[in-house]
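The next block holds one structure in the form of C-alpha cells; read it before the comments.
Hydrogens, waters and symmetry mates play no part in the numbers below; they use all other heavy atoms, side chains included. Order of the sequence lines fixes the chain letters, A, B, ..., with proteins taken first and strands second; residue numbering starts at 1 for each chain.
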Amino acid sequence: MDLNKKFTPQSWPAHPENSTLEGKNKTLGFWIFLGGETVLFATLFATFLALKNKGPAGMEFSTQSLFELPLAFIMTMLLLTSSLTSVYAMYHMKNYNFKAMQAWLIVTVLLGLGFLGLEIYEFYHYVHLGFTFTQSAFGSSFYTLVGTHGLHVIIGLAWFILLMLRNSKRGLNLYNAPKYYLASLYWHFIDVVWVFIFTVVYLMGVLG
Amino acid sequence: MSHDVEARTRSKHEYEYARKRANQGMRNQVTVFAIMIFLTFIAFAAVQAGMSAYLVAPLILLFAAVQVALQLYYFMHWSEKGHGMAQFFMYSAAFIAFTMILAFVTIIWW
Amino acid sequence: MSSTAKKKGFGATIWDYLTTVDHKKIAILYLIAGTFFFVVGGIEAMLIRIQLAKPDNDFVSAGLFNEIITMHGTTMIFLAAMPLLFAFMNAAVPLQIGARDVAFPFLNSLGFWLFLFGGIFLNLSWFLGGAPDAGWTSYASLSLASPGHGIDFYALGLQISGAGTLIAGINFLVTIINMRAPGMTYMRMPLFTWTTFVASALILFAFPPLTVGLFFMIFDRMFDANFFDHINGGNTVIWEHLFWIFGHPEVYILVLPAFGLFSEIFATFARKRLFGYSSMVFATILIGFLGFMVWAHHMFTVGLGPTANAIFAVATMAIAVPTGMKVFNWLLTIWGGNIKVTTPMLYALGFIPSFVAGGVTGVMQASAPLDYQLHDSYFIVAHFHYVIVGGIVLALFASAHYYWPLMFNQMLNETLGKITFVFFFIGFHCTFFVQHFLGLMGMPRRVFTFMGGQGWDQFNLISTVGAFLMAIGVILLVVNVIITAIKNEPAGRDPWKDGRTLEWAIPQPVPYYNFKQTPLVRGLDTFWIEKMEGNKEGMTYAEPISDIHMPNNSFIPFMISLGLFVAAFGALYHQDTDKTWSIPVLIIGLAITFASMITRSLKDDLGYHIHKEELMNEKGGKH
C-alpha cells in the first residue's frame with residue numbers, strides 16, 4: 001500500500017475502512033472483539049445486579065439514597081451527543097474531508113472529557129459520603145462496573161487524540177482510515193454500554 | 001487474495017449520486033439522534049414522575065433496547081451491507097449476556 | 001529479508017524466533033512451550049500418584065500436595081493442552097484454507113508471548129514462596145483465606161496468559177472468515193478448520209467472564225474489595241458462577257479441536273470422505289452453543305434450587321446428542337474404508353471407546369440427584385481424565401505424529417510410535433479406570449492421603465502403576481522426536497500418501513509465503529480431488545504468479561508481554577508493606593508495555609513484497 005498516494009474526494013473509495021484486506025480484517029476483528037467486550041460488560045452488570053444494595057449489616061447506602069438523576073441525565077446527554085458528533089466525523093472521513101473530520105473529532109473529545117469530568121465528580125462525591133470501593137460489596141460492584149466504563153471512555157479519548165496528533169500533518173490515507181473508523185466504532189460501543197448503565201444502574205436504582 | 005487496494009476513481013455522476021446518498025444518510029442519522037434523545041428524556045421523566053415501578057421498569061428497559069438497536073443499526077452502520085458476521089457475533093454475545101444476567105438475578109439469592 | 005537459502009547462526013535463529021510473525025514458526029514455538037509445560041504438569045501428576053500409591057504415605061506434605069494438584073490442573077489446562085492445540089491450529093489451519101498467513105500476524109506473535117510469560121509467571125510461584133493451593137477452580141472462600149502469594153500468582157498469571165488466548169481466538173476467527181482461498185466455502189472447510197472456528201468463538205465469549213472473575217479475585221485479595229466476602233455483603237457463589245461460565249466452555253474449547261483433528265485422521269487413513277460432513281459441522285456448532293447453557297451442572301450441590309438444577313441437568317444431557325452424532329459419523333467413516341493402521345490412526349481408534357466412556361460418566365453426573373453422590377469423589381476425577389486424556393491428549397499425541405511431517409518435514413518413527421501408543425493407552429486406562437471404583441467406594445478427591453484397610457489400597461496402587469506406564473509412553477515419544485531429528489530425513493510432500501486437504505498439497509518444506517499462487521478450491525477434500533484427476537501439482541490456481549505481500553518481523557510483541565510480566569510482580573508484592581520497590585516495578589513494567597504499544601502505533605508497519613521474479617526463480621521452500 002502506498003502511503004503517499006494522493007486521493008481526491010472522487011477517487012477516495014466509498015468504504016475506505018474496507019477497501020484493503022488489512023482494513024477488512026481489522027474491521028471484522030474489531031467487531032468480534034466488541035462481541036467479547038459485550039460479554040465482559042454483561043458479567044459486570046450481572047455481578048452488580050447480584051450485589052446491588054448488599055453490604056455490612058445496617059449499611060446506610062442504597063441506590064435510592066445515593067443516585068441523583070439530574071447528574072446522570074447531563075452525563076447521558078453529553079455522551080449521546082458525542083456519539084452523533086463522531087458520526088459526523090466519519091461522514092466527513094468518507095467524503096475525504098480531513099479538516100472537517102478532525103474538527104468533529106475535537107468536538108467529540110471535548111464532550112467525552114465533559115462526561116469524564118462529571119463522572120470523576122460523582123465518584124468523588126460518593127467517596128466523600130463514605131461510599132467507597134472497599135466499604136461494601138455494593139460499592140465494589142458499582143465502582144467496578146461504572147469505573148470499567150469510565151476506563152473505556154479514557155481509552156477511547158486517548159485513541160482519538162493520538163490518532164489526530166499522529167495524522168495531523170499527513171491527512172487521510174487508506175492506512176489510517178480504518179483506524180479512525182474503528183476508534184469511532186469503539187466510541188459508539190461505549191455509548192451503547194452507557195445506555196444500559198443509565199437504565200439499569202441509575203434509573204432502575206432510583207426506582208428501587 | 002491480493003493485498004491490492006480495491007479502489008477506482010468514480011465517474012462524476014457516480015460520485016455525485018454517492019454524495020447525495022451520503023447527505024441523505026446523514027440526515028437520517030440526525031433523525032435517529034433526535035429519537036434517541038427523546039427516548040432518554042421520556043425514560044428519565046417516567047422515573048422522576050414516580051409512577052409504579054412495575055410499569056416504568058419494563059418501559060425503560062424497552063427504551064434502552066430500542067436506543068441500542070438504533071445506535072447499532074444506524075450509528076454503527078449495521079443497516080448497510082456486509083455486516084452479517086458482525087451481527088452474528090454481537091447477537092451471540094447478547095444472547096450469552098442475557099443468559100448470564102438472567103441466571104445472576106434468579107439463582108443467586110443469598 | 002532474502003528468500004535465498006542461507007545457513008543461519010544460532011543467535012540469528014533465536015532472534016528470528018523471538019521476532020517471528022510467521023504462523024508456521026509460531027506453531028513451533030507453541031509446540032515447544034506447550035510440551036515443556038506438559039512435562040512440568042506430568043511431573044506434578046507423577047508426584048500425586050506416588051503420594052497416593054499407598055495409605056498413610058508421607059512422600060509430600062498435605063500443604064505441598066494441595067499446591068501440586070492445583071498446579072497440575074492449571075498447568076495442564078491453560079499451559080499445556082490449549083497451547084498444544086494452538087500449535088496444530090497455527091501449523092495447519094492457514095494452510096488448510098489456502099491462506100498465506102493468519103489475519104493478524106503481529107497479534108499471533110503477541111498472543112504467544114503473552115501466554116508464555118503468563119505461564120512462566122505462574123510457575124515462578126514455586127520458587128517465590130509457594131504455589132497456589134486452592135485447586136485449579138480456586139473457589140473464592142478458600143482462595144481468599146489462602147496465605148502467602150500463591151493465589152496472586154494464579155490470578156495474575158492466568159490474566160496475562162488469558163489475554164494471549166483471547167487474542168489468538170479473535171485472530172483465528174478473522175482468519176477463517178476473511179482469508180479463505182477462492183472456492184473455499186464454509187461447507188468445504190476441513191473439519192479441523194471448522195472446529196477451530198467454533199472453539200475460537202467459544203474462547204471469545206468464555207474468556208471475558210474469567211478475566212472479570214480473576215479481577216474480582218485480585219481486587220478482593222489485594223485491594224480490599226468485597227465481591228466474595230459475605231461479611232460486607234459479598235457472595236462467594238459469584239466466583240463459582242463466573243469460573244464455570246468460563247470453565248465449562250473451556251472444556252469444549254479443548255475437545256472440539258481434538259474432534260477436528262481426529263476427523264482429519266479418520267478420513268485420511270480410512271481413505272474415505274468423512275461420513276456425514278454436514279452433520280459433523282452442525283454437531284460442532286450445536287456443542288458450542290449448548291456449551292454455554294450448562295455451566296451450573298458443576299454447582300448442583302451448591303443449592304441453586306430444584307428448578308435450576310433440573311434445567312441445567314436437561315441441557316447437559318442434551319449435549320450427548322450432538323456428541324453421539326459425531327461418534328457415529330466417525331464409526332461410519334471407518335466402516336467400509338480401506339483402513340491403514342498408522343500411529344495416528346491407532347490413537348484415533350483408541351480414542352473412540354475411551355472418550356465414549358468419559359462421555360457416558362458425564363451423562364451420569366448430569367443427573368443432579370446422582371451427582372450429589374458423585375460430587376467431589378474420585379469418580380469425578382476419573383470422568384474428566386477420561387474426557388481430557390482420552391479425548392484431548394490422545395488427539396495431541398495422534399496429531400504430533402500426523403502433523404510432524406508438515407511442521408518439520410520429517411516422519412516420526414512409526415514402530416516406536418505404536419509402542420508409545422501401547423504404553424500410553426494401557427497406562428491411561430490402568431490409571432483412571434479404577435478411579436471410578438474408588439469414587440463409588442467413597443474416596444474423596446483432593447485428599448493428600450488415606451487410611452488403609454478401606455478397600456482403596458489395591459486400586460490406588462494400580463492407578464500409580466498406570467501413571468508410570470503413561471510416563472514411559474511420554475518418554476518414548478520424546479526419544480522418538482530426538483531420533484527423528486538426528487536422522488533428519490526429509491519426508492517430502494504428502495508423506496502419508498493419503499492427504500486429502502490443502503495442507504498436504506503444498507511443497508515441503510513449506511515456503512515461508514505458503515502458496516506461491518493462491519489455490520482454487522474445487523470441493524471438499526480439494527487435494528484428493530486433484531489427485532484423483534491426476535493433477536501432479538496437486539492444486540489448481542486461482543491467480544497467476546504475482547508479487548506477494550508479507551508482514552515484517554517484530555520484536556514488539558515480546559516487549560509488550562515482558563512489560564506486563566514485570567508489572568505483574570509489582571502488583572503482586574504491592575500488598576507487602578515492607579516491599580517498597582513494588583510500585584516502581586509496577587510502573588516500569590507498564591511503561592515498557594505502553595512504550596512498546598506507542599512504538600507500534602507511531603511506526604507505520606506496511607510489510608514488504610516478494611517480487612514476482614524472485615518467486616519464479618524459486619523451486620521449493622527454502623528460507
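Contact of I548(C) with chain B is not made at all, since no heavy-atom distance falls under 4.5 Å. When heavy atoms are compared at a cutoff of 4.5 Å, F289(C) approaches chain B solely by way of its side chain, counted from C-beta outward.
Atom CG of N235(C) is separated from atom CD1 of I108(B) by 6.0 Å, given to the nearest 0.5 angstrom. For the atom pair M100(B) CE and F205(C) CZ, the distance stands at 10.5 Å (nearest 0.5 Å).
For OH of Y372(C), the number of neighbouring non-hydrogen atoms (other residues, nucleotides, ligands) closer than 6.0 Å is greater than 12. Counting non-hydrogen atoms of neighbouring residues, nucleotides and ligands closer than 6.0 angstrom, the OH atom of Y186(C) exceeds 12 such neighbours.
Residue-level contacts of residues 64-97 of chain B with chain C, in order of numbering, are M85(B), F89(B), S92(B), A93(B), F95(B), I96(B); threshold 4.5 Å between heavy atoms.
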Report, one line per pair, each donor and acceptor closer than 3.5 Å where one atom sits in a side chain of residues 301-314 of chain C; sequence neighbours left out.
unit_1, atom_1, unit_2, atom_2, d
T301(C), OG1, H375(C), NE2, 3.3
N309(C), ND2, F300(C), O, 3.2

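Under the 4.5 Å side-chain criterion, counting only non-hydrogen atoms from C-beta, V237(C) is not in contact with F104(B).
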